[in-house]
Amino acid sequence: MSVKECDHHKGKKRKNFQRVFWCIVVFLFLVLLAILLIWAILRPTKPTFTLQDVTVYAFNATVANFLTSSFQVTLISRNPNDHIGVYYDRLETYVTYQSQQVTFRTSIPPTYQGHKEVNVWSPFVYGTNVPVAPFNFQGLSQNQAAGTVLITVRANGRVRWKVGTFISGRYHLYVRCPAFISFGARTNGIVVGENAVKFQIIQRCSVSV
């Protein structure tokens, strides 16, 4: 076989490889384009969260720069989408004061939320002798003595969207729910059990994805 014929066969194989390569590229491009078009038409909307109530079982800031607290919070999540489901792969809730975390994190079991579906979670969040920054502790002590403390119930996690059989990658979810709790004779809560006070909040939470 001559050198010319060998070069001819090599050139033919190279052209065939290029055709296959570009066919794959075009196919993947069309698939991604179809997914993006479907996504744009459906226009996914992030879930909404509402803080329904907070039950305070303990709130002790008598030891300098330490806080012991125990809460039960009720969070209502709603999926507003008609054709998109939401996978909550991981969701943790906790309480902060002046942006400082003052309880441990409590995990909510992973779940799937269908179209227009509503989920209600009532986790317990607590912290025993949690260190509080001195400047925050001073404000916390003053607020408690005045009878009202503003806390923030937070829920952080990861979600995925489900459109038909397509499931997206994971997205970070951040939920922030401010809540006022009061103490002493000025309390506007409902006494439940021993030394526990339930506050009806009904507060719409800010949600970012």
Side-chain angles (χ1 to χ4, degrees), residues 1-52 73-96 99-127 152-179 203-209:
M1 181 179 291
S2 66
V3 175
K4 186 176 181 180
E5 289 177 340
C6 288
D7 291 340
H8 174 72
H9 286 300
K10 288 181 180 178
K12 191 173 182 180
K13 288 181 179 178
R14 189 180 297 111
K15 287 181 180 180
N16 289 336
F17 173 79
Q18 289 176 346
R19 288 194 187 99
V20 172
F21 173 77
W22 285 111
C23 284
I24 294 174
V25 170
V26 171
F27 173 76
L28 292 176
F29 173 77
L30 291 175
V31 170
L32 290 175
L33 182 61
I35 292 173
L36 288 174
L37 287 174
I38 293 172
W39 196 258
I41 293 170
L42 293 174
R43 287 177 298 181
T45 303
K46 59 189 176 184
T48 62
F49 277 75
T50 300
L51 178 62
Q52 179 173 286
V73 301
T74 301
L75 288 168
I76 301 175
S77 171
R78 179 178 179 272
N79 176 10
N81 296 287
D82 291 316
H83 306 288
I84 300 175
V86 182
Y87 282 103
Y88 293 91
D89 291 334
R90 180 174 61 82
L91 196 61
E92 296 176 334
T93 183
Y94 58 99
V95 171
T96 63
S99 300
Q100 181 179 356
Q101 184 173 333
V102 293
T103 68
F104 305 127
R105 293 174 180 248
T106 297
S107 295
I108 294 174
T111 187
Y112 172 74
Q113 191 175 56
H115 317 145
K116 297 292 186 180
E117 194 170 289
V118 175
N119 288 77
V120 180
W121 297 299
S122 296
F124 284 90
V125 289
Y126 66 94
T152 302
V153 178
R154 297 178 183 263
N156 294 348
R158 291 192 175 186
V159 296
R160 289 177 295 161
W161 312 105
K162 183 177 184 295
V163 183
T165 58
F166 169 76
I167 299 175
S168 74
R170 289 181 173 86
Y171 291 82
H172 287 282
L173 174 73
Y174 301 98
V175 180
R176 182 178 178 276
C177 314
Q203 171 67 49
R204 184 73 174 266
C205 307
S206 64
V207 180
S208 60
V209 179

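Keep in mind that what you see is a predicted model, and the values were worked out from it rather than measured. Just so you know, these numbers use all the heavy atoms, side chains as well, and skip hydrogens, waters and symmetry mates.
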Non-neighbouring partners of Ser122 that pass side-chain hydrogen bond (donor to acceptor under 3.5 Å, both in side chains), sequence neighbours left out: Thr74
Closest non-hydrogen atoms of Ile76 and Val118, given as atom of the first, atom of the second and distance, are CG2-CG1, 3.6 Å
For Gln52, which residues count as a side-chain hydrogen bond (donor to acceptor under 3.5 Å, both in side chains) partner, sequence neighbours excluded? none
Residues which pass ring pair (Phe, Tyr, Trp, His ring centres under 6.0 Å) with Phe49, listed by chain and number, not counting sequence neighbours: none
OG (Ser206) and OH (Tyr174) are apart, to the nearest 0.5 Å, by 13.0 Å
Test log, rule ring-ring contact (aromatic ring centres under 6.0 Å, His included), inputs Tyr126 and Phe104: CA-CA 6 Å; Tyr126 66 94; Phe104 305 127; 5.7 Å; yes
Listed by chain and number, what are the side-chain contact (heavy atoms from CB on, under 4.5 Å) partners of Thr152, not counting sequence neighbours? Thr96, Arg154, Arg176
Separation of Trp161 CH2 from Asn79 CG (nearest 0.5 Å): 7.5 Å
Atom of Ser168, atom of Tyr171 and distance for their closest heavy-atom approach: OG-CE1, 3.7 Å
Filter on salt bridge (charged side-chain N to carboxylate O under 4.0 Å, His left out), then keep only pairs touching residues 107-116, sequence neighbours left out; what's left? Asp82-Lys116
Please find the pair of heavy atoms, one from Ser208 and one from Lys46, that lie closest to each other, and give the distance. CA-NZ, 4.3 Å
Heavy-atom pair with the smallest gap, counting every atom of Pro80 and Pro47: CD-CA, 3.8 Å
Minimum-distance pair of heavy atoms, taken over all atoms of Asn156 and Tyr94: ND2-OH, 2.9 Å
Could you work out, with side-chain contact (heavy atoms from CB on, under 4.5 Å) as the rule, every residue matching Arg204, not counting sequence neighbours? Thr48, Thr50
Rounded to the nearest 0.5 Å, what separation is found between the CG atom of Leu75 and the CG atom of Leu91? 8.0 Å
Is there a donor-acceptor pair closer than 3.5 Å between any side-chain N or O of Thr93 and the backbone N or O of Thr106? no
Can you run down the salt bridge (charged side-chain N to carboxylate O under 4.0 Å, His left out) pairs that involve residues 23-36, sequence neighbours left out, and say none if there aren't any? none
For Tyr88, enumerate each residue passing the ring pair (Phe, Tyr, Trp, His ring centres under 6.0 Å) test, keeping only those at least two apart in sequence or located in another chain. Trp121
Can you name the residues that form a side-chain contact (heavy atoms from CB on, under 4.5 Å) with Val20, not counting sequence neighbours? Ile24
Could you work out, with side-chain hydrogen bond (donor to acceptor under 3.5 Å, both in side chains) as the rule, every residue matching Glu92, not counting sequence neighbours? Arg105
What pairs with Arg158 under side-chain contact (heavy atoms from CB on, under 4.5 Å), at least two apart in sequence or on another chain? Arg90, Arg170, His172
